[in-house]
Amino acid sequence: MLRAGLLGLSVLCAAQVSAAEIISARYAEPTTRYGHGILGDAIEHGALRLRLADGQRVIIRLPDTHVFEDTAPRLADVDNDGTPEVIVVETDVARGASLAIYDETGKVAETRHIGRPNRWLAPVGVADLDGDGYVEIAYVDRPHLAKLLKIWRFRDGKLEQVAEISGLTNHQIGQREISGGVASCPDEPVLVTANANWTKVMATSFRNGAYVSVPVADFSGPTSFENAAVCSK
């Protein structure tokens, strides 16, 4: 995906901002044009507001066929240039959710849309999971249906899928928040999710050339993720 000139996106700013650093991001322009309601209501967002270190404000506005179907944008340096990009869940009303990366100029990269409406994904986290120097982004594809943990690597301006693990989830229908995340363990980052039927807290990490998921605690509620010893498996 090109970094600028995207069809259907309007990027509005007062001056040239390509060298400016993003210091905050939030969703704006609430909309009911997509009635999925997976996060507890039918209100999604049609725009992304960025604040830059030099004081400028940038609005990235989606076309009417897209919404941000998400809890909050996430700042992370995915290209290792020392400044953060913005990671979002962007949904096409006809093709379902995708995970997208933006900077102050517009969309940088995007995964494939799931393929049909009312199909969503829930981000897990961002880190160099396999120690190769490139950043990986993990999410659960259809956390209420398929329950697939997918891991994508950002390299040379593109996202490439590097792993898929079944039987994991991080969201229940109607919840306002996404559960789990990334634990910064001493030896490596660890992805924390639940198993498919919400009975175990699961830890996924890169070991001996492959991603491995193991149970680390019983699940008995939201605090189970905080209390699980994910770094001592």
Side-chain angles (χ1 to χ4, degrees), residues 25-27 36-41 44 68-78 84-89 91 97-101 111 114 119-131 135-154 161-208 210-233:
R26 65 182 179 88
Y27 294 129
H36 190 196
I38 204 67
L39 290 165
D41 59 40
E44 310 304 341
F68 292 115
E69 189 179 15
D70 199 1
T71 57
R74 301 150 191 83
L75 295 184
D77 182 8
V78 299
E85 287 73 42
V86 184
I87 299 170
V88 301
V89 179
T91 295
S98 69
L99 184 134
I101 301 170
T111 66
I114 291 172
R119 295 296 182 267
W120 185 65
L121 62 85
V124 178
V126 185
D128 179 3
L129 296 173
D130 56 10
V135 171
E136 281 78 41
I137 304 174
Y139 63 77
V140 177
D141 178 356
R142 292 160 290 170
H144 323 110
L145 297 171
K147 302 179 182 179
L148 297 172
L149 175 67
K150 293 189 175 182
I151 300 171
W152 295 72
R153 179 181 296 125
F154 185 79
Q161 187 175 331
V162 295
E164 178 177 302
I165 304 168
S166 62
L168 300 173
T169 189
N170 61 344
H171 185 264
Q172 294 176 310
I173 293 174
Q175 285 184 329
R176 296 298 302 167
E177 303 298 329
I178 296 170
S179 300
V182 178
S184 299
C185 296
D187 295 330
E188 78 269 296
V190 175
L191 302 174
V192 183
T193 64
N195 64 347
N197 63 3
W198 290 90
T199 60
K200 298 290 184 181
V201 176
M202 302 293 293
T204 302
S205 59
F206 190 78
R207 295 289 182 91
N208 300 319
Y211 287 95
V212 178
S213 297
V214 297
V216 292
D218 292 333
F219 178 81
S220 58
T223 58
S224 300
F225 294 104
E226 302 169 12
N227 297 334
V230 299
C231 295
S232 60
K233 60 186 185 301

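Atoms considered below: every heavy atom in the structure, side chains included; atoms not considered: hydrogens, waters and symmetry mates. The chain is numbered in sequence order, starting from 1.
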Which heavy-atom pair separates [X] from [Y] by the least distance, and what is that distance?
X: Asn170; Y: Pro123; result: ND2-O, 3.2 Å
X: Leu99; Y: Tyr139; result: CD1-CD2, 3.8 Å
X: Asp70; Y: Ile87; result: OD2-O, 4.5 Å
X: His171; Y: Glu177; result: CD2-O, 3.3 Å
X: Asp218; Y: Val201; result: O-CG2, 4.1 Å
X: Ile178; Y: Arg74; result: CD1-NH2, 3.9 Å

For the atom pair [atom1] ([X]) and [atom2] ([Y]), what is the distance rounded to the nearest 0.5 Å?
X: Ser213; Y: Arg207; atom1: OG; atom2: CZ; value: 11.5 Å
X: Asp128; Y: Glu136; atom1: CG; atom2: CD; value: 5.5 Å
X: Thr204; Y: Leu149; atom1: OG1; atom2: CG; value: 5.5 Å
X: Lys150; Y: Arg142; atom1: NZ; atom2: CZ; value: 6.0 Å
X: Glu226; Y: Ser179; atom1: CD; atom2: OG; value: 10.0 Å

Under 3.5 Å, is there a donor-acceptor pair between the side chain of [X] and the main chain of [Y]?
X: Glu85; Y: Ile101; result: no
X: Ser224; Y: Phe219; result: no
X: Trp120; Y: Ile38; result: no
X: Asp141; Y: Leu148; result: no

For this session: Go through the steps to decide whether Ile151 and Leu191 satisfy the test side-chain contact (heavy atoms from CB on, under 4.5 Å), and finish with yes or no.
Result: CA-CA 10 Å; Ile151 300 171; Leu191 302 174; 3.9 Å; yes
With a 4.5 Å heavy-atom cut-off, do [X] and [Y] have their side chains touching?
X: Glu44; Y: Thr91; value: no
X: Val216; Y: Met202; value: no
X: Leu145; Y: Arg119; value: yes

Problem set entry | Stepwise side-chain contact (heavy atoms from CB on, under 4.5 Å) check, Phe154 with Val126 | CA-CA 10 Å; Phe154 185 79; Val126 185; over 6 Å; no
For this session: Establish, from distance only, whether the side-chain atoms of Asn197 and Thr199 form a donor-acceptor pair under 3.5 Å.
Result: yes
Exercise. According to the interplanar angle, ranging from 0 to 90°, do the rings of Tyr211 and Phe206 count as parallel (below 30°), tilted (30 to 60°) or perpendicular (above 60°)?
Worked result: perpendicular
Exercise. Which class fits the ring pair Tyr27 and Phe68: parallel under 30°, tilted 30 to 60°, perpendicular over 60°?
Worked result: parallel
For this session: For the pair Val135 and Asp77, evaluate side-chain contact (heavy atoms from CB on, under 4.5 Å) and give the outcome as yes or no after the intermediate values.
Result: CA-CA 8 Å; Val135 171; Asp77 182 8; over 6 Å; no
Exercise. So, are Arg176 and Asp41 salt-bridged, with charged N and O less than 4.0 Å apart?
Worked result: yes
For this session: Assess whether side-chain contact (heavy atoms from CB on, under 4.5 Å) is satisfied between Arg153 and Asp130, documenting all intermediate values.
Result: CA-CA 10 Å; Arg153 179 181 296 125; Asp130 56 10; 2.7 Å; yes
